Protein chains: 2
Amino acid sequence: MSKTPTPSGGFGPSIQALDPWTPSAGRMRQLLTDDERARLAVMSTIVRFKKGEIIYQEGDRADAVFNLNSGIVTTYSKAPRGREHVVAFLLADDLFGLSAEGLYTNSTRALTAVTAYRLPVAALRSRLTKDAELEFHIMCKLCQELRQARHHAFLLSQRSAVTKLAMFLQLFEQLQIAKGEPASEIHLPMDRSDIGEYTGITLAAVSRGFRTLTIRGIIKVRDRHHVRIVDRSGFEKITGDPPQSPTQLVEAGRN
Amino acid sequence: MSKTPTPSGGFGPSIQALDPWTPSAGRMRQLLTDDERARLAVMSTIVRFKKGEIIYQEGDRADAVFNLNSGIVTTYSKAPRGREHVVAFLLADDLFGLSAEGLYTNSTRALTAVTAYRLPVAALRSRLTKDAELEFHIMCKLCQELRQARHHAFLLSQRSAVTKLAMFLQLFEQLQIAKGEPASEIHLPMDRSDIGEYTGITLAAVSRGFRTLTIRGIIKVRDRHHVRIVDRSGFEKITGDPPQSPTQLVEAGRN
DNA sequence: CGGCCGGTTGAGTACAATCAATTCTGGTGG
DNA sequence: CCACCAGAATTGATTGTACTCAACCGGCCG
């Protein structure tokens with residue numbers, strides 16, 4: 001039980017997040033005990049989706065919550081003028097199926113082939129109200145999702161397209177680190193238009209953004225889905241994020 | 001203490017939200033039982049803040065969570081180039097004090113005079129892991145905050161400044177409705193620059209936005225803090241929000 | 001009365017959206 | 001293996017919107 005090769009490691013639903021209250025150096029940890037995973041496993045079914053398949057749509061009756069096991073999922077919603085807004089990219093060990101008043105608040109689609117645990121809300125709910133420990137762990141995950149949503153909003157509040165793009169790259173880099181994967185190269189499983197819909201800029205602007213970052217010698221694009229940051233300090237100048245050193249923030253007001 | 005016009009009614013911490021799983025026609029309800037409120041009350045202290053006072057800052061040790069009793073609070077974070085990004089406006093019955101790895105993830109400031117319950121995390125945490133019922137209610141509130149954060153991101157992803165502004169007005173209108181307050185006129189407690197920092201546009205753009213909406217006959221600005229929507233369909237054309245009455249939502253849920 | 005703060009308005013500019021043409025890439029079948 | 005194709009991505013030219021900077025307004029308070 002010491003070594004966990006896959007992030008999940010073992011069987012049953014799996015949830016990873018940063019603990020809201022104890023330091024962990026940016027690394028996520030498994031929130032569920034083996035016991036809890038087993039208890040969740042008995043109430044869940046495994047579901048599979050093909051690449052591009054829609055898992056549920058906004059407004060559908062929300063009778064299940066999902067725990068992503070493998071693959072990538074996007075949750076999105078319709079925006080005026082036929083555009084789509086990507087709410088989040090879901091990775092392994094994420095939870096999705098948020099609802100309000102009994103209806104899903106977003107649609108979700110499999111970006112790759114996907115396997116997930118499907119947890120009926122009725123069963124989950126009755127389990128939760130009996131098992132405070134488990135519920136606490138799920139609450140931690142919700143806190144994490146909340147932080148991510150707010151980070152997304154922060155990203156979207158930036159004016160410059162390249163800043164948004166850089167922050168997006170930073171997000172995925174941090175995600176890889178948090179998952180314990182090698183982070184020398186950033187893996188972007190989605191395509192350019194998905195990035196555009198997440199960052200709130202057009203496909204064309206995403207492309208131009210990658211180009212300007214490349215020309216400025218800040219990143220190196222190996223292929224569509226792999227980017228490396230070659231000028232870290234230039235990169236941080238754009239994201240405005242000197243890693244965790246508040247003292248430097250004072251000088252950051254330049255340019 | 002003078003009178004209790006507060007939607008809370010009664011004593012002790014109070015939490016309102018839309019239930020994620022049961023329909024409620026857009027109205028929030030009190031999530032906590034009197035009993036739970038009493039239990040939370042014993043572990044909490046009442047704190048007061050003057051207008052403009054900072055409640056905590058990003059990076060501070062997060063040893064307490066707050067439950068807003070009266071007044072308005074903003075949570076914000078620093079953006080590049082000395083700008084500030086408003087993460088959320090908190091109203092009565094809201095919960096705040098989100099942390100990651102033991103540190104607050106944002107700063108908060110009292111926008112008006114404020115009273116709040118201060119709940120030490122240690123006590124709260126040990127209470128929660130014993131009381132699944134209470135914890136469930138807090139989880140519901142977290143779901144609500146998550147939805148709001150995502151709505152904020154959605155707002156920020158809009159390209160047009162007037163659209164953002166209209167969606168902002170819509171947000172506060174719905175909030176008033178959810179709280180059971182009269183909604184014929186929208187009350188905006190914050191000033192123009194706060195609106196700008198929330199919607200991701202400049203102070204000047206906010207001003208122009210109000211002007212164009214007024215000129216187009218869509219809204220009527222009584223004073224700095226009071227707006228009325230006079231052309232509903234024109235308004236909805238801008239927000240792109242086909243009037244989703246609760247009844248229609250239910251039908252949308254049927255596959 | 002004068003200064004200050006929050007807000008409005010104006011002129012010029014920069015940046016990203018748009019529309020459109022072109023290239024690149026990966027996959028398929030001949 | 002290559003030719004071909006379709007979709008993804010890049011690039012170009014043009015336009016429009018919102019930012020910037022700055023002047024100005026009006027209420028409020030000393």
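Atom set for the values below is all heavy atoms of this structure, side chains included, hydrogens, waters and symmetry mates excluded. Source: prediction; values computed, not measured.
Residue B:Asp223 contributes atom CG, which lies 11 Å from atom P of D:dC28 at whole-angstrom precision. If you take CD1 of B:Ile201 and P of C:dG7, they are 14 Å apart, rounded to a whole angstrom. Distance B:Gln158 CD to D:dT17 P: 16 Å, rounded to the nearest Å. For the pair B:Leu188 CG and C:dG7 C1', the interatomic distance rounds to 15 Å; values are reported in whole Å. Taking atom NE2 of residue B:His225 and atom P of nucleotide C:dG6, one finds them 11 Å apart after rounding to whole Å. Per the geometry, CG belonging to B:Leu203 stands 12 Å off C1' belonging to C:dT9, to the nearest Å. Distance, B:Lys51 NZ to C:dC5 P: 13 Å, rounded to whole Å. For A:Phe210 and C:dA16, the CZ to C1' distance is 17 Å, given to the nearest whole Å.
No N or O donor and acceptor, one from the side chain of B:Arg208 and one from the base of C:dG7, sit under 3.5 Å apart. For A:Arg192 and D:dT11, a side-chain-to-base donor-acceptor distance below 3.5 Å is absent, hydrogens and geometry of angles not being considered.
Partner of A:Phe168 under the ring-ring contact (aromatic ring centres under 6.0 Å, His included) criterion, out of A:Phe154, A:Tyr198, A:Phe210: A:Tyr198 alone. The residue from A:Val86, A:Ile72, A:Val73 that alone fulfils the side-chain contact (heavy atoms from CB on, under 4.5 Å) condition with A:Leu111 is A:Ile72. Considering B:Phe89, B:Tyr104, B:Phe66, B:Tyr117 as possible partners of B:Phe96, the one that fulfils the ring-ring contact (aromatic ring centres under 6.0 Å, His included) test is B:Phe66.
Distances shown here put a side-chain N or O of A:Arg211 below 4.0 Å from the OP1 or OP2 atom of D:dT11. For the OP1/OP2 pair of D:dA18 and a distance below 4.0 Å, the side-chain nitrogens and oxygens of B:Arg159 include no atom meeting the criterion. One finds no side-chain N or O of A:Ser193 lying less than 4.0 angstrom from the OP1 or OP2 phosphate oxygen of D:dA9. Between A:Thr202 and the phosphate of C:dA17, there is a side-chain N or O to OP1/OP2 separation shorter than 4.0 Å.
Taking only side-chain atoms of A:Ser207, from C-beta outward, the nucleotide of D:dT11, D:dA8, C:dG7 with the closest atom is D:dT11.
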* To do: I would like to know whether B:Arg232 and B:Glu173 meet salt bridge (Lys or Arg N to Asp or Glu O under 4.0 Å); could you show each step before the answer?
  => CA-CA 12 Å; B:Arg232 176 64 53 175; B:Glu173 186 185 40; 2.7 Å; yes
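In this structure, B:Asn106 contributes its side chain and B:Glu58 its backbone to no donor-acceptor pair below 3.5 Å.
One end of the helix from C:dC1-D:dG30 to C:dG30-D:dC1 points its axis 30° away from the other end's axis, with each axis taken from 5 pairs and the angle rounded to 10°.
Judged purely by distance below 3.5 Å, without hydrogens or angles, the side chains of A:Thr108 and A:Thr75 never pair a donor atom with an acceptor atom.
Each of A:Val162 and A:Arg224 was matched to the nucleotide of DNA chain C holding its nearest heavy atom; the match closer to the 5' end belongs to A:Val162.
Annotation: cation-pi geometry satisfied between B:Arg109 and B:Tyr76 (NZ/CZ under 6.0 angstrom from ring centroid, within 45° of ring axis).
Nucleic acid contact class of A:Arg81 (heavy atoms, under 4.0 Å, all strands): sugar-phosphate only.
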